[in-house]
S.K.: 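Provided herewith is a single structure, encoded as structure tokens, for subsequent inquiry.
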Amino acid sequence: PQDCAGATAEVFDLVVQLSSALKTKPHAVDFGTVFTDHMLTVEWSVTEGWQAPFIRPFTNLSLHPACSSLHYGIQLFEGFKVYRGDDSRLRLFRPMLNMSRMADSAKRACLPAFDQTELLECIRRLVEVDQDWVPQSDSASLYIRPTFISTEPSLGVKRPGRALLYVILCQAGSYFNSEADAISLWADPKYTRAWKGGTGDCKMGGNYGCSLFAQYEADDYGCQQVLWLYGQDHQITEAGTMNIFLHWINQDGEEELATPPLDGIILPGITRRSILELTRKWGEFKVTERYLTMSQLCCALKQQRVKEMFGSGTACMICPIGRIVYLGENLHIPCRDKQSVTSRLTKELTDIQVGGCPHIC
Ligand code: PMP
């Protein structure tokens with residue numbers, strides 16, 4: 001983790017205007033509905049480049065009705081959290097990885113490049129201004145939502161000449177205690193989240209908006225999330241907005257922790273990367289980025305070779321999977337016990353995030 005107090009760069013032109021009317025902080029609210037007192041905005045234009053970053057009271061945006069983020073989805077976002085440790089200090093978890101993923105998304109969206117270190121420093125300052133919003137609890141956190149939109153005020157489908165990068169903050173409750181219930185997934189090959197050559201490996205709003213329809217169908221089947229499949233062989237790709245892991249005895253009889261490779265249709269999750277690095281360091285079983293198909297999973301379930309399955313992501317950190325509805329069949333996935341990889345990873349990652357453990361960066 002990176003200490004919030006540990007500034008790495010000066011942002012000389014940062015302007016800070018504090019709010020004169022601070023909000024009352026709510027206790028328990030739905031995720032993403034109540035925002036802190038301040039926000040960061042930075043404007044860009046092709047003629048003048050980046051303007052001075054501005055921390056200001058949280059407010060609505062004013063956008064031209066033709067602006068191309070609204071019409072053509074020329075936009076992207078990021079999501080990460082700041083945690084308050086037992087020692088009361090605030091820590092970010094591997095935030096440069098979010099900056100670099102954001103830069104990759106910006107390139108793909110034809111939005112301009114930005115200074116990643118400077119943006120992170122501005123975010124640190126924003127968090128510092130609103131630090132009282134970070135819950136005094138190691139099971140809740142403050143969610144950081146950097147957003148980058150085209151503000152090009154014209155209907156031409158073209159590279160934007162104007163853009164706005166802004167960052168808002170909201171409280172996030174706990175999803176990550178080890179007793180979390182296993183979730184159920186609905187897998188139907190008729191829907192596709194991402195495809196080769198597309199934008200599935202970027203955090204663009206369009207990837208999420210177009211997943212809603214399938215998500216509601218999953219609800220109808222009593223499932224919490226969609227298990228996204230790909231291709232004729234029904235490759236397992238992601239679960240909802242999580243990367244997916246299978247801990248099993250593979251076809252060659254080896255114990256393996258496997259997750260699909262970053263081949264363009266998978267979002268390169270920061271939690272995913274951290275899990276791969278941690279478990280490779282444990283050195284207790286094979287850790288692989290490889291293709292996994294539904295028929296391999298069904299076969300392994302029949303032969304009782306599956307130990308556990310879980311999703312990974314900033315929201316829930318590690319989320320055990322208990323059931324998959326696939327082609328009209330209910331597949332029961334064995335659930336973890338206290339010694340499971342799921343429980344161990346939950347503990348190790350939590351310890352790192354709240355500062356009980358040294359860095360993994
Ligand atoms: N896949 C998708 C599609 C996601 O939206 C997310 C959330 N960012 C993830 C995986 C997990 O990524 P991370 O571990 O960086 O939160």
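In this chain, residues are counted from 1 in sequence order. Counting starts at 1 for both ligands and their atoms, in listed order.
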S.K.: Can you tell me how the ring of Trp50 sits relative to the ring of Phe114, calling it parallel under 30°, perpendicular over 60° and tilted otherwise?
M.R.: perpendicular
S.K.: If you take all heavy atoms of Leu262 and Ile266, which pair is closest and at what distance?
M.R.: CD2-CG2, 3.8 Å
S.K.: Between Thr293 and Gln296, is there a donor-acceptor pair closer than 3.5 Å when you use the side chain of the first and the backbone of the second?
M.R.: yes
S.K.: Between ligand 1 and Lys203, is the shortest N or O to N or O distance under 3.5 Å?
M.R.: yes
S.K.: Quick one: is the NZ or CZ of Arg344 closer than 6.0 Å to the six-membered ring centre of Trp282, and within 45° of its axis?
M.R.: yes
S.K.: Using a strict 4.0 Å cut-off to heavy atoms of Ser312, name the atoms of ligand 1 that fall inside it.
M.R.: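 Result: 11 (C).
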S.K.: Provide, to 0.1 Å, the distance between atom 6 (C) of ligand 1 and the closest protein heavy atom, together with that atom's residue and name.
M.R.: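 Checking every protein heavy atom, the shortest distance to atom 6 (C) of ligand 1 gives Thr241 O, 3.0 Å.
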S.K.: Would the Phe310 and His247 ring centres measure less than 6.0 Å apart?
M.R.: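 Not under 6.0 Å, so no.
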S.K.: Please could you name the atoms of ligand 1 that Arg101 approaches to less than 4.0 Å, counting only its heavy atoms?
M.R.: 8 (N), 12 (O), 13 (P), 15 (O)
S.K.: At less than 4.0 angstrom from any non-hydrogen atom of Thr314, what atoms of ligand 1 do you find?
M.R.: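 What qualifies from ligand 1 is 13 (P), 14 (O), 15 (O), 16 (O).
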S.K.: Could you tell me whether Glu238 and ligand 1 have an N or O pair separated by under 3.5 Å?
M.R.: yes
S.K.: Which is it for Tyr208 and ligand 1 at heavy atoms under 4.0 Å: side chain, backbone, both or neither?
M.R.: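 Only the side chain of Tyr208 comes within reach of ligand 1.
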S.K.: Within the structure, is a non-hydrogen atom of Gly79 found at a distance of less than 4.0 Å from ligand 1?
M.R.: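 Heavy atoms of Gly79 never come under 4.0 Å of ligand 1.
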S.K.: So, is Arg193 polar-close to ligand 1, with some N/O to N/O distance under 3.5 Å?
M.R.: no
S.K.: Would you name the heavy atoms of Arg272 and Pro260 that are closest together and state the gap between them?
M.R.: NH2-O, 2.9 Å
S.K.: Please determine whether the number of non-hydrogen atoms from other residues, nucleotides or ligands lying under 6.0 Å from atom NZ of Lys347 exceeds 12.
M.R.: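 Not buried by this count: 12 neighbours or fewer within 6.0 Å.
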S.K.: Would you say Ile270 and ligand 1 have an N/O pair spaced under 3.5 Å apart?
M.R.: yes
S.K.: If you count heavy atoms of other groups shown closer than 6.0 angstrom to CZ of Arg280, is the number above 12?
M.R.: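 Yes, CZ of Arg280 has more than 12 neighbouring heavy atoms, counting only those of other groups under 6.0 Å.
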S.K.: Should you measure from each heavy atom of Gly269, which atoms of ligand 1 turn up under 4.0 Å away?
M.R.: 12 (O), 13 (P), 14 (O), 15 (O)
S.K.: Mark up the atoms of ligand 1 that fall under 4.0 Å of a heavy atom belonging to Thr271, in ascending order.
M.R.: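 Selected atoms, number and element: 13 (P), 14 (O).
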